[in-house]
Amino acid sequence: MNTSLQNTTTLHNGVKMPWLGLGVFKVEEGPELVNAVKFAIKHGYRSIDTAAIYENEAGVGQAIREGIKEAGISREDLFITSKVWNSDLGYESTIAAYETSLNKLGLDYLDLYLIHWPVENKYKEAWRALETLYKEGKVKAIGVSNFQVHHLQDLMNDAKVKPMVNQVEYHPRLTQKEVQAFCKNNDIQLEAWSPLMQGQLINHPILMEIAKKYNKTVPQIIIRWDIQNGVITIPKSTKEHRIIENSSVFDFNLLEEDMERINGLNQDHRVGPDPDNFDF
Ligand code: NDP
């Protein structure tokens, strides 16, 4: 199916989004960040995931400008995602937050803008703002993050535009069966954050056994499992060799029996906050 790092899936509005991108959570402004994004672009990544709260949009923007020049590609070849933070959820404040993110990134549009967390009584107004930005052609696609099924249902009751993407914590210990089924049935593309469970699955014996069988590494097995499950994935690394490693997943296929073994590792275990019980 996916034979190249630049292969895309088509969102329900027709926009194409790469299956694999680079995450930059917890990477502070500075040379490490700029280099990570530039390594990614140099090695064929076309999708970068940031957020206002990561406070690194300026560095991501600098790396994009330098990276595309060195790679001989254009801005339009990239897929850039950012997210509105909780304190900016509201109609006017979300529109303003979008402009601030664009300015920091030095871009004139984003490919995808997400509501970062489903803050009660706030996400619907923010969604109206995203709809306005989308209808005015200021952003190519809009979506949400950390939305459970009930949040999606509630949002869609009033929404004029259905979210194109839902980005949630997703890895072999948290397979999100209900959210995944709901998104699939509603043509909302699921996207995995912390796909590597922040590095905590590296020594898992079953994953190591499967990795050995395919002559791959555990991160490569997990990333391949995401894609074969139809889930977009954005592993984070600042190290060039790992950025390359994490993208070398388009030259093999996991057999159904191994997909099932990995699916079977689910424990509904989160490493991040619970979207039904958070206080920020
Ligand atoms: P990941 O699951 O991507 O794991 C990242 C960790 O794994 C880092 O410590 C990294 O270290 C290490 N790592 C990466 N590749 C390898 C490798 N090949 N071998 C060994 N270790 C490796 O965690 P994140 O939490 O960063 O999630 C990914 C992205 O998802 C974020 O960067 C962010 O963009 C997004 N996200 C979104 C959230 C949301 O609420 N919407 C919440 C959290 C994340 P090193 O850098 O040293 O290589």
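Just so you know, ligand 1 is whichever comes first in the structure, and atom 1 is the first atom listed for that ligand. As the structure is a computational prediction, the values presented were derived from the model and not from experiment.
Atoms of ligand 1 lying under 4.0 Å from any heavy atom of Asp49, numbered from 1 in the order shown and given with element: 33 (C), 34 (O), 35 (C). Every atom of ligand 1 is numbered from 1 in the order shown, and the set under 4.0 Å from a heavy atom of Glu245 is 18 (N). Residue Asn146 approaches ligand 1 through these ligand atoms, each under 4.0 Å from one of its heavy atoms: 39 (C), 40 (O), 41 (N). Contact atoms of ligand 1 toward His116: 39 (C), 40 (O), 41 (N) (distance under 4.0 Å to a heavy atom of the residue). Every atom of ligand 1 with a heavy atom of Val24 under 4.0 Å away is listed here by number and element: 32 (O), 34 (O). Interface atoms of ligand 1 facing Met197, defined by a heavy-atom separation under 4.0 Å, are 2 (O). Close contacts of ligand 1 with Gln167, meaning ligand atoms under 4.0 Å from a residue heavy atom, involve 37 (C), 38 (C), 39 (C), 41 (N). Listed by atom number, the atoms of ligand 1 under 4.0 Å from Ile234 heavy atoms are 28 (C), 29 (C), 30 (O), 35 (C).
In terms of protein heavy atoms, atom 43 (C) of ligand 1 is closest to Trp193 CE3, 3.2 Å. Considering only non-hydrogen protein atoms, atom 47 (O) of ligand 1 sits nearest to Lys239 NZ, 2.5 Å. At the top of the distance list for atom 3 (O) of ligand 1, counting protein heavy atoms only, stands Lys236 N, 2.9 Å.
With a heavy-atom cut-off of 4.0 Å, Asn246 touches ligand 1 through its side chain alone.
Side-chain atoms of Gln180 and Thr175 include no donor-acceptor pair closer than 3.5 Å.
The aromatic rings of Trp85 and His116 sit perpendicular to each other, their planes meeting at more than 60°, with 30° as the lower class boundary. Ring geometry for Phe25 versus Tyr54: interplanar angle of 30 to 60°, hence tilted.
Not a single N or O atom of Pro219, backbone or side chain, sits closer than 3.5 Å to an N or O atom of ligand 1. For ligand 1, the polar-atom distance check finds no N/O of Pro235 at less than 3.5 Å from any of the ligand's N/O atoms. The N/O atoms of Lys83, backbone and side chain alike, include none that comes under 3.5 Å of an N/O atom in ligand 1.
Aromatic pair Tyr134/Trp127: ring centres not closer than 6.0 Å. Between Tyr123 and Trp117, a ring centre-to-centre spacing not shorter than 6.0 Å is recorded.
Between the Tyr45 side chain and the Ile244 main chain, no donor and acceptor come within less than 3.5 Å of each other.
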Self-check item: salt bridge (charged side-chain N to carboxylate O under 4.0 Å, His left out) between Lys138 and Asp108, intermediate numbers included
Solution: CA-CA 8 Å; Lys138 293 186 171 155; Asp108 50 19; over 6 Å; no

Exercise. Applying side-chain hydrogen bond (donor to acceptor under 3.5 Å, both in side chains), run through Asp258 and Tyr214 and close with a yes or a no.
Key: CA-CA 10 Å; Asp258 294 317; Tyr214 291 89; 2.5 Å; yes

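The side chain to side chain contact (heavy atoms under 4.5 Å, CB included) test with Ile262 singles out one residue from Asn229, Leu207, Ile222, Asp226, and that residue is Leu207.
With contacts defined as side-chain heavy-atom distances shorter than 4.5 Å, the pair Leu114/Val144 does not qualify.
Heavy atoms of Gly272 stay at 4.0 angstrom or farther from ligand 1.
If you check each of Gly21, Ser194, Ala51 against atom 27 (O) of ligand 1, the one with the closest non-hydrogen atom is Ser194.
Cation-pi geometry between Arg128 and Tyr91 is met: the NZ or CZ atom falls under 6.0 Å from the ring centre, inside 45° of the normal.
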